[in-house]
Amino acid sequence: MLMDDVKEVLISQDEITQRCKELGEEISRDYKDTVPIIVGLLKGSVPFMAELIKYITIDVELEFMAVSSYSGTESMGDVRILKDLDRSIKDRDVLVVEDIVDTGNTLLKVKDLLYSKGASSVEVVSLLDKPSRRTVEIEAKYVGFTIPNEFVIGFGLDFNQKYRNLPFVGILKEECYR
Ligand code: 5GP
């Protein structure tokens with residue numbers, strides 16, 4: 001069972017739902033005069049994006065991008081595009097959905113890229129934020145939860161592609177890293 005590998009539940013399913021409602025309301029207010037393109041970064045943002053958009057009450061369009069910047073438990077500086085956007089974002093307001101902002105490298109590169117494609121604004125909504133790990137100056141405008149410097153899994157976040165389907169954010173037992 002997946003649950004057997006979890007040391008601790010850090011953020012419960014109910015807490016995530018409640019926070020998504022609040023973020024959805026805030027985003028709906030902030031973007032009420034436009035139709036933003038919501039860009040989910042595959043694969044980690046999928047559960048969060050699915051939950052969040054239920055509580056966005058204005059018109060939006062959905063797009064997906066896949067970038068790679070990560071392997072195992074250490075973030076790396078380099079970002080590669082594995083899947084690009086399907087449609088133009090020229091002169092559009094873009095809201096990037098991310099699972100977690102760690103060093104900030106991924107978001108910095110993705111934001112630059114989206115601006116270079118002609119977006120008129122690019123903001124970020126991230127389920128989690130680990131500000132203590134930041135190496136570049138970037139902040140998500142909307143943050144679900146600020147967490148300490150722990151490696152977390154669940155609700156989209158993986159370890160070697162596993163645990164994304166856990167319905168909460170948790171901490172993995174140490175023996176599972178080996
Ligand atoms: P950054 O470029 O901000 O350092 O890293 C962002 C990416 O690293 C996230 O999208 C995520 O895939 C991965 N990452 C960073 N911290 C964690 C963590 O605690 N747990 C997991 N599972 N992935 C993380």
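Order of appearance sets the numbers: ligands from 1, and atoms from 1 within every ligand.
Using a 4.5 Å cut-off on side-chain heavy atoms (C-beta onward), Ile147 and Asp129 make no contact.
Looking at residues two or more places apart in sequence or on another chain, you find a side chain to side chain contact (heavy atoms under 4.5 Å, CB included) between Glu15 and Ile11, Ser12, Phe145.
Those atoms of ligand 1 with a heavy atom of Asp99 less than 4.0 angstrom away are 9 (C), 10 (O), 11 (C), 12 (O). Residue-ligand proximity, Asp158 to ligand 1, at heavy-atom distances under 4.0 Å covers atoms 21 (C), 22 (N). Interface atoms of ligand 1 facing Leu157, defined by a heavy-atom separation under 4.0 Å, are 20 (N), 21 (C), 22 (N), 23 (N). Near Glu98, the atoms of ligand 1 lying under 4.0 angstrom from a non-hydrogen atom of the residue are 10 (O). Within ligand 1, the atoms closer than 4.0 Å to a non-hydrogen atom of Glu150 are 19 (O), numbered from 1 in the order shown. Numbered from 1 in the order shown, with element, the atoms of ligand 1 that lie under 4.0 Å from a heavy atom of Thr106 read 1 (P), 2 (O), 5 (O), 6 (C).
Judged by distance alone, with hydrogens and angles left aside, the side-chain atoms of Arg134 form no donor-acceptor pair with the main-chain N or O of Glu139 at under 3.5 Å. Distance alone, capped at 3.5 Å, is enough to place a donor-acceptor pair between the Arg19 side chain and the Val143 backbone. At least one donor-acceptor pair closer than 3.5 Å links the side chain of Ser120 to the backbone N or O of Arg92.
At a 3.5 angstrom cut-off on N or O pairs, Val152 counts as close to ligand 1. Considering backbone and side-chain atoms together, Val101 places no N or O closer than 3.5 Å to any N or O of ligand 1.
Among residues at least two apart or in separate chains, side chain to side chain donor-acceptor pair (under 3.5 Å) pairs with a member in residues 141-150 are Asp30-Tyr142.
A pairwise comparison of heavy atoms in Thr57 and Ser28 identifies N-OG, 3.0 Å as the closest pair.
The closest approach between any non-hydrogen atom of Lys130 and ligand 1 is below 4.0 Å.
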